[in-house]
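Here, residue 1 is the first one in the sequence, and each next residue gets the next number.
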Amino acid sequence: MSQPEPGFPGPRRVGFAAALRGELRVPSDKSIAHRALLFNALASGDAEVTVRRPGADVRSTAGAIEAMGAIESETADEHGGVLYRLRGWEGSATALGKGIEQLDCGNSGTTMRLLSGALAGGAGRGSTLVGDASLSRRPMERVAGPLRAMGADVTTTDGHAPVTIRGTHPLHAIRYQLPVASAQVLGAIALAALAADGTTTIESPGPTRDHTERLLAWLGASVRRDGLTTTIDGPAALRARSLVVPGDISSAAAWLVAAALHPDAELRLVDVSLNPSRLAIVDVLRDMGADIRIEAPEASAASPDAGPEPSGDLVVRGGNRLRAISLSGARVAELIDELPLLAVAMGAAEGTSELRDASELRVKESDRIALVVRNLAAIGANAEELPDGWRVTAGPALPAEIETAGDHRIAIAFAVAALSGIAGGVTIGDPTCVDVSYPAFWDDLEAVAGRERAVAPAR
Ligand code: S3P
């Protein structure tokens, strides 16, 4: 076997935390950060976007728009935050004027899908969007199809990346029924709609996060969401505006679950996005019996820097035995990124839990249904794979080597399982995969976990 490269961190072992206490500022919300950067790049004027400890996905979006000339400078602060100074392209029509041939989206589906929509109405020669092995397996026709219906010139490679987009101007408005509730697909169509003549209407089969609508409206576009319908009037010009992106509730969720499951825990997560379309994780954990408090400042006292996104603190206390839960239907899309963590909570709960209607999990950064079930079984839970979800009952906390397939959310979920004693200690072979969303995850773990023990106490 070859030797690890110098500096390669090697496998990470995680044990049971003696206690979980403290205060954390999780990274800025990934979904908001992608949009704050890209939408300001499409706007006219200058803006400063501050992103706390950006992960590789957000850096993929920043890298792509930097390659196209919209980032003037990037300044790091001493807490790992990055201030991006942007000079907008003054509308997507000029975005392809520079003729950038290849844009690397790394592991980030949001980067590839939103960029496809942004570039579809451009005026240049065309760009090819490429990604890593995981992103290259994910479906891209779900974006290319509606963009073509708007008159765009988009080619996928057997339905996947590389995706080539040659700008067409103007596009035409459409009425489109999304086959799956996807904020990424909705966002791509909405961006193309800014360069289209007329009103584009997008109908979703279920609720999705509404960051696209909030941010586009805040930057001056005429965008409305009414129930499951979003309408965008085109052509529209955006005006650049500065914002500080609040923390990511999907990253905070790691600590909500870890503390909720731990017998001796109290954590405060400071300045987290409290967008209602992302709060289902708090509701579900509370339904399971977790003690979580939301401390939102009065609207008048909220930071004006956070733009159109509400934010506040989350405080979680451990010690309660959680109850099983069944999740299905529309709620699933609102929890999509938190489901691996919820699987761990289900693996600790009293009774049998079930997840249905979640086949989207099979086309995320990995097949998250297969991986969650295999890893739950490895740590001793009784886990059954269903075509569109899983069924889980608690079992003995066993030590296990976690199979992550390089998926950040799987690594984080099963590190949490070990910290809170649901697993009897785990080994994560590729701990740096957390960099995609949460580069400082292991530092934060050490900051709140204190001493870890290899073996969890009997539950
Ligand atoms: C995202 C939407 C979700 C989510 C992803 C980020 C976004 O994907 O899983 O991590 O920023 O729009 P879908 O809406 O496509 O399921």
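Looking only at side-chain heavy atoms (C-beta outward), L386 and R356 come within less than 4.5 Å of each other. N40 has its side chain out of reach of Y84: every pair of non-hydrogen atoms, C-beta onward, lies at least 4.5 Å apart. A heavy-atom distance below 4.5 Å is found between the side chains of L119 and M68. Side-chain contact between E266 and L20: absent, with no pair of heavy atoms (C-beta onward) separated by less than 4.5 Å. The shortest distance between side-chain heavy atoms of I165 and S127 does not fall below 4.5 Å. Residues I402 and I379 meet the side-chain proximity criterion, which asks for heavy atoms closer than 4.5 Å.
The distance from atom CZ of R214 to atom CZ of F39, rounded to the nearest 0.5 Å, is 13.5 Å. Distance check: L371 CG to E365 CD gives 11.5 Å after rounding to the nearest 0.5 Å. Taking CD1 of I65 as the start and CG of L86 as the end, the distance is 5.0 Å to the nearest 0.5 Å. To the nearest 0.5 Å, the span separating CH2 on W390 from CG on N382 amounts to 15.5 Å.
When atom types are taken as modelled, the side chain of T156 and the backbone of V163 share no donor-acceptor pair closer than 3.5 angstrom. Side chain of N320 to backbone of G289: a donor-acceptor contact under 3.5 angstrom is found. In this structure a side-chain-to-backbone donor-acceptor pair under 3.5 Å is present from N275 to S277. Side chain of H160 to main chain of D158: a donor-acceptor pair is present (N/O by atom type, distance under 3.5 Å, no hydrogens or angles). Between the side chain of R268 and the main chain of L24, no donor-acceptor pair closer than 3.5 Å is present. Using modelled atom types, no side-chain atom of D388 and backbone atom of S359 make a donor-acceptor pair closer than 3.5 Å. When atom types are taken as modelled, the side chain of R323 and the backbone of D287 share a donor-acceptor pair closer than 3.5 angstrom. At distances below 3.5 Å, at least one donor-acceptor pair connects side-chain atoms of S353 with backbone N or O atoms of I325. A donor-acceptor pair is defined here as one N or O able to donate and one able to accept, closer than 3.5 Å; such a pair exists between the side chain of D132 and the backbone of L135. Remark: the backbone N or O of S311 is not paired with any side-chain donor or acceptor of S273 at under 3.5 angstrom.
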From CA spacing to verdict: side-chain contact (heavy atoms from CB on, under 4.5 Å), E203, L178: CA-CA 6 Å; E203 277 156 8; L178 294 173; over 6 Å; no
Begin from the C-alpha positions of T404 and D430 and carry the test side-chain contact (heavy atoms from CB on, under 4.5 Å) through to its verdict. CA-CA 8 Å; T404 67; D430 53 351; 2.8 Å; yes
Output, in order, the C-alpha distance, side-chain angles, deciding distance and verdict of side chain to side chain donor-acceptor pair (under 3.5 Å) for T61 and H34. CA-CA 6 Å; T61 291; H34 285 298; 2.7 Å; yes
Run the numbers on R278 and S250 for side chain to side chain donor-acceptor pair (under 3.5 Å), then give the verdict. CA-CA 8 Å; R278 300 284 296 283; S250 300; 2.9 Å; yes
Decide yes or no on side-chain contact (heavy atoms from CB on, under 4.5 Å) for M112 and Q184, but give the supporting numbers first. CA-CA 9 Å; M112 186 168 281; Q184 295 182 357; over 6 Å; no
Under the criterion side chain to side chain donor-acceptor pair (under 3.5 Å), I'd like the reasoning laid out for D57 against T111: C-alpha separation, chi angles, the key distance, then a yes or no. CA-CA 7 Å; D57 273 8; T111 305; 6.0 Å; no
Could you check T164 against T155 for side chain to side chain donor-acceptor pair (under 3.5 Å), going step by step and ending with a plain yes or no? CA-CA 5 Å; T164 298; T155 317; 5.6 Å; no
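Other residues, nucleotides and ligands contribute over 12 non-hydrogen atoms within 6.0 Å of the CG atom of D77. The environment of E384 atom CD is dense: over 12 non-hydrogen atoms of other residues, nucleotides or ligands sit within 6.0 angstrom.
Looking at residues two or more places apart in sequence or on another chain, you find a side-chain contact (heavy atoms from CB on, under 4.5 Å) between T352 and R391, T393. With sequence neighbours left out, H262 forms a ring pair (Phe, Tyr, Trp, His ring centres under 6.0 Å) with F16.
Judged purely by distance below 3.5 Å, without hydrogens or angles, the side chains of R25 and H79 never pair a donor atom with an acceptor atom. Between the side chains of R35 and T212, at least one donor N or O lies within less than 3.5 Å of an accepting N or O. Of the N and O atoms on the side chains of D248 and Y438, not one donor lies less than 3.5 Å from an acceptor on the other residue. Side-chain N/O atoms of E213 and T230 include a donor and acceptor closer than 3.5 Å. Side chains of S31 and H211: no donor on one and acceptor on the other come within 3.5 Å.
Ion pairing between R52 and D271 holds under the 4.0 Å rule for side-chain N and carboxylate O. In summary, D337 and R209 engage in a salt bridge, as defined by a charged side-chain N under 4.0 Å from a carboxylate O. Salt bridge present: D367 and R362 bring a charged side-chain N and a carboxylate O closer than 4.0 Å.
Residue L269 forms a side chain to side chain contact (heavy atoms under 4.5 Å, CB included) with just one option from I249, I292, L256, V315, and that option is L256.
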